[in-house]
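Here's the structure we're looking at; comments come further down.
The chains referred to below are lettered A, B, ... by the order of the sequence lines, with proteins before strands, and numbering in each begins at 1. Bear in mind that the values here come from a model prediction, so they are computed numbers and not experimental data.
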Amino acid sequence: MVEIDSKMPTRRLRPLRRRELPVSTVRLARYLIGKTLVRQLPEGTLAGRIVETEAYLTGDAAAHTFRGPTPRNRSLYLERGHAYVYFTYGNHFMLNVSGGHDGTGEGVLIRAVEPIEGIELMEHRRRTKSLKDLARGPGCLASALQVDRRLDGVDLTVRGPLWIGTALQRSSAIGTSVRIGITKEVHRLLRFYERGSAFVSGPRRLNLSA
DNA sequence: CGGCTGATGATCT
DNA sequence: GATCATCAGCCGG
């Protein structure tokens, strides 16, 4: 039993309840650091510890909702705790958690996780055995966890194909920086990461101070 | 490690 | 037609 448990750590988890999620999207982005992202597939369970997030807010020119609702971004307007998955650069899916109340177009981009469970499946999918590179960066993360548009709109607060569980281990200090890969609102400090984690993306200079 | 570049296609103007 | 919340590969230091 002990052995099975160590290979399936997500057995000990429960989904986060919606009322536990901060309504403030900035607070949600910080809150999600250290929590567990779980992907359940017929072949097994994949899971990782969230180590890097970014907030995208109302009135934020870098947010997909800046010009209002469109068919693509409608999931961002759902009550907090739903998935917004979109496709970009011709190759990659990105996973967000919707923030705020129903009708508020905010979200948290999940940029990196520390692999916890289903590592062999992730290695196969990503075609690398470098643990730290399996889910480092939002496109890599989506590929490793087999996240695609079919998961757009799913409720992340209930056990299902994709959900967010409680933390397995406490997070160390959270650092703050500018967001990565955007061309607007570049100065805003809306990226959050676990300090000292080897699984965080981005240039080293963004991963030092608080 | 940091910097640069091409790939690739959905989305919105 | 431009843009894009990226990545892998390649180069120089």
note: A:Phe93, atom CZ; B:dT8, atom P; distance rounded to Å ~ 16 Å

Paired to B:dT8 by Watson-Crick or G-U wobble criteria (both distances under 3.5 Å) is none

Query raised in the report: With respect to the phosphate group of C:dA8, does any side-chain polar atom (N or O) of A:Arg126 fall under 4.0 Å of OP1 or OP2?
Result: yes

For C:dT6, take OP1 and OP2 only and decide whether either is under 4.0 Å from a side-chain N or O of A:Arg111.
-> yes

### Query
Using a cut-off of less than 4.0 Å, is there contact between a side-chain N or O of A:Arg72 and OP1 or OP2 of B:dG9?
no

From the list A:Arg14, A:Lys35, A:Arg27, salt bridge (Lys or Arg N to Asp or Glu O under 4.0 Å) with A:Glu20 holds only for A:Arg14

From OH of A:Tyr86 across to P of C:dT3 the rounded distance in Å is 17 Å

Taking C:dC7, C:dA5, B:dA10 as options, the one with an atom nearest any side-chain atom of A:Cys140 is C:dC7

From CE of A:Met94 across to C1' of C:dC4 the rounded distance in Å is 9 Å

Considering only heavy side-chain atoms of A:Asn91, the closest of B:dA10, B:dT8, B:dC12 is B:dT8

Separation of C:dC4 atom C1' from A:Ile180 atom CD1, nearest Å, is 16 Å

A:Arg67 atom CZ is separated from B:dT11 atom P, nearest whole Å, by 17 Å

Of C:dC4, B:dA7, C:dC7, the nucleotide closest to the side chain of A:Tyr89 is C:dC4

### Task
Go through the steps to decide whether A:Asn207 and A:Arg191 satisfy the test side-chain hydrogen bond (donor to acceptor under 3.5 Å, both in side chains), and finish with yes or no.
CA-CA 10 Å; A:Asn207 298 329; A:Arg191 173 174 172 268; 2.7 Å; yes

With the side chain defined as heavy atoms from C-beta on, A:Arg204 is closest, among C:dA5, C:dT6, B:dG2, to B:dG2

When rounded to whole Å, the CZ to P distance for the pair A:Arg188 and C:dA5 reads 16 Å

Counting the atoms with a prime plus P, OP1 and OP2 as sugar-phosphate, which does A:Arg127 contact under 4.0 Å by heavy atoms, base, sugar-phosphate, or nothing? nothing

Backbone N/O of A:His82 and side chain of A:Ser98: donor-acceptor pair under 3.5 Å
yes

Query raised in the report: Does A:Arg80 come within less than 4.0 Å of A:Asp155, counting only side-chain N to carboxylate O?
Result: no

Next on the checklist: Whether A:Lys184 contacts C:dT3 is assessed here as follows: a side-chain N or O lying under 4.0 Å from the phosphate OP1 or OP2. Is that the case?
Outcome noted: no

note: A:Ile110, atom CD1; C:dT6, atom P; distance rounded to Å ~ 14 Å

*What does A:Gly90 touch in the nucleic acid at a heavy-atom separation under 4.0 angstrom: a base, only the sugar-phosphate, or nothing?*
base

Winner on side-chain proximity to A:Pro138, out of C:dT6, B:dC12, C:dC4, is C:dT6

Of the candidates B:dA10, B:dA7, C:dA5, the side chain of A:Leu76 sits closest to C:dA5

With a non-hydrogen cut-off below 4.0 angstrom, is A:Leu109 in contact with a base, only sugar-phosphate, or nothing?
base

**Prompt:** Below 4.0 angstrom from OP1 or OP2 of C:dA5, is there any side-chain N or O of A:Thr88?
**Reply:** no

4.5 Å side-chain heavy-atom contact, A:Ile50 and A:Thr36
no

